[in-house]
2 protein chains.
Amino acid sequence: MDTEDEFLIGPTHRELLDQVLDKWSLSVLSELCERPCRFNELRRAIPQVTQKSLTATLRRLERNGVVEREVVSTRPVAIRYRITPLGKTLRPPIDVLLAWASANMPAITRARDAFDLREEESRMGG
Amino acid sequence: MDTEDEFLIGPTHRELLDQVLDKWSLSVLSELCERPCRFNELRRAIPQVTQKSLTATLRRLERNGVVEREVVSTRPVAIRYRITPLGKTLRPPIDVLLAWASANMPAITRARDAFDLREEESRMGG
DNA sequence: CAGGATCCAATTAGATACTG
DNA sequence: CAGTATCTAATTGGATCCTG
């Protein structure tokens with residue numbers, strides 16, 4: 001237990017969430033929650049990701065135990081990535097996050113517009 | 001209930017979550033959920049953050065409408081940051097995330113150790 | 001106190017080229 | 001197919017100095 005009485009985040013949790021919720025992880029996990037995928041399937045499903053970043057993301061997720069890399073010994077070997085049981089437990093949190101994003105997108109867009117407008121005005125009047 | 005084949009994240013949601021869940025945002029939001037804070041209070045509460053990053057984080061959160069910047073016209077002006085009603089709606093998702101991190105930290109540590117061990121072995125065994 | 005401005009180091013991303 | 005290796009461009013982070 002920490003000495004803090006309230007909820008504080010701490011470097012350990014921060015680091016973990018960084019690894020599991022980073023730029024491409026959410027998309028990869030979303031894909032793999034639906035079905036196991038091969039490398040190039042994932043690339044096609046997430047067109048913006050580069051090969052390099054996808055490789056890095058998969059390695060990181062594998063290291064953290066939420067994704068599993070399976071070598072299928074067919075002719076020119078296939079690699080199959082699948083979500084692990086531990087990885088599946090991430091889905092509710094992710095869904096809550098996505099639900100929040102969907103529900104509040106309009107309010108956030110309004111907030112951004114208002115902020116940008118105030119900024120612009122202060123540049124002119126300031 | 002499960003979504004079927006079509007839950008994809010999309011650049012808009014990704015960008016939003018990037019802005020609101022980035023490296024320092026979670027810590028800042030956690031602090032501000034408890035009480036309004038001044039700039040240097042936040043710095044002390046999150047010792048690792050630099051002034052530059054804290055400023056950037058606060059601006060971003062303000063722009064997205066989850067944090068409010070209030071100028072208190074006392075003698076050498078005080079600035080008070082507080083969470084907005086919109087920002088408060090972020091707390092359940094964050095709590096779910098933190099709960100997940102806490103609950104699964106041991107499993108993840110084991111996964112990391114196992115992965116690192118496999119890596120090390122494969123470096124030795126060729 | 002609450003930053004802005006600036007310089008620099010380090011990390012990260014993108015584009016190619018190549019391999020078993 | 002599933003990557004590794006490499007180079008470079010762009011972004012980020014830290015340290016320092018400065019101000020109202």
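Just so we're on the same page: letters track the sequence lines, and every chain starts at 1. Just the heavy atoms: all of them, side chains too, but no hydrogens, waters or symmetry mates, feed the values below.
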Novice: Nearest whole angstrom, please: distance from the C1' of C:dG4 to the CG of B:Leu54.
Specialist: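 After rounding, the gap between these two atoms is 14 Å.
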Novice: Are any of A:Tyr81's side-chain N or O atoms less than 4.0 Å away from OP1 or OP2 of D:dG3?
Specialist: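 Yes, such a contact exists.
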Novice: With distance as the sole test, does B:Ser102 use its side chain to make a donor-acceptor pair with the main-chain N or O of B:Leu98 at under 3.5 Å?
Specialist: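 Yes, the answer is positive, given that a donor and an acceptor are paired below the 3.5 Å cut-off.
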Novice: Without decimals, in angstroms, what is the distance between B:Glu70 CD and C:dG3 P?
Specialist: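 One finds 13 Å between P of C:dG3 and CD of B:Glu70, rounded.
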Novice: Considering only side-chain heavy atoms of B:Gln51, which listed nucleotide, C:dC1, C:dG3, D:dG13, is closest?
Specialist: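 Minimum distance to the B:Gln51 side chain belongs to C:dG3.
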Novice: If you compare every side-chain N and O of A:Arg69 against the phosphate oxygens of D:dG3 (OP1, OP2), does one of them come in below 4.0 Å?
Specialist: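 Answer yes for this pair, as a side-chain N or O of A:Arg69 is under 4.0 Å from OP1 or OP2.
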Novice: Can you check the B:Lys52 NZ to C:dG3 C1' distance for me, whole Å?
Specialist: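 Rounding to the nearest Å, NZ of B:Lys52 and C1' of C:dG3 are 13 Å apart.
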Novice: Take the protein atom CZ of A:Arg60 and the nucleotide atom C1' of C:dT11, then report the distance between them rounded to whole Å.
Specialist: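 So the two atoms are 13 Å apart, to the nearest Å.
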Novice: In whole angstrom, give the distance that lies between atom CG of A:Asp18 and atom P of D:dG13.
Specialist: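 So the two atoms are 10 Å apart, to the nearest Å.
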Novice: Let me know, please, whether A:Pro76 or A:Gln48 comes out on the 5' side of the other along DNA chain C by nearest nucleotide.
Specialist: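 Counting from the 5' end, the first nearest nucleotide belongs to A:Gln48.
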Novice: Rounded off to whole Å, could you give me the CD1-to-P distance for the A:Ile79 and D:dC1 pair?
Specialist: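 In whole Å, D:dC1 P lies 13 Å from A:Ile79 CD1.
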Novice: Compare all side-chain heavy atoms of A:Lys88 with those of A:Val66 and state whether any distance is below 4.5 angstrom.
Specialist: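 No, their side chains stay 4.5 Å or more apart.
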Novice: Take B:Arg14 and B:Asp18 through the salt bridge (charged side-chain N to carboxylate O under 4.0 Å, His left out) test and state the conclusion after the steps.
Specialist: CA-CA 6 Å; B:Arg14 260 249 47 80; B:Asp18 268 349; 2.3 Å; yes
Novice: Does the side chain of B:Glu31 come under 3.5 Å of the side chain of B:Ser27 through a donor N or O and an acceptor N or O?
Specialist: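 The answer is no; no qualifying pair exists.
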Novice: Please tell me if A:Arg59 has a side-chain N or O lying less than 4.0 Å from either OP1 or OP2 of D:dG3.
Specialist: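 So the side-chain polar atoms of A:Arg59 do come within 4.0 Å of the phosphate oxygens OP1 or OP2 of D:dG3, strictly under.
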Novice: Given atom CG of A:Leu58 and atom P of D:dT4, what is their separation to the nearest angstrom?
Specialist: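 That distance rounds to 11 Å.
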Novice: Within a strict 4.5 Å, meaning less than it, do heavy atoms of the A:Arg82 and A:Glu70 side chains meet?
Specialist: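 Of all side-chain heavy-atom pairs linking A:Glu70 with A:Arg82, at least one is under 4.5 Å.
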Novice: Is any side-chain nitrogen or oxygen of A:Arg38 closer than 4.0 Å to OP1 or OP2 of D:dA2?
Specialist: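 A:Arg38 to D:dA2 OP1/OP2: side-chain N or O found under 4.0 Å.
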Novice: Please report the distance, rounded to the nearest Å, between NZ in A:Lys23 and P in D:dT12.
Specialist: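 Between P of D:dT12 and NZ of A:Lys23: 9 Å.
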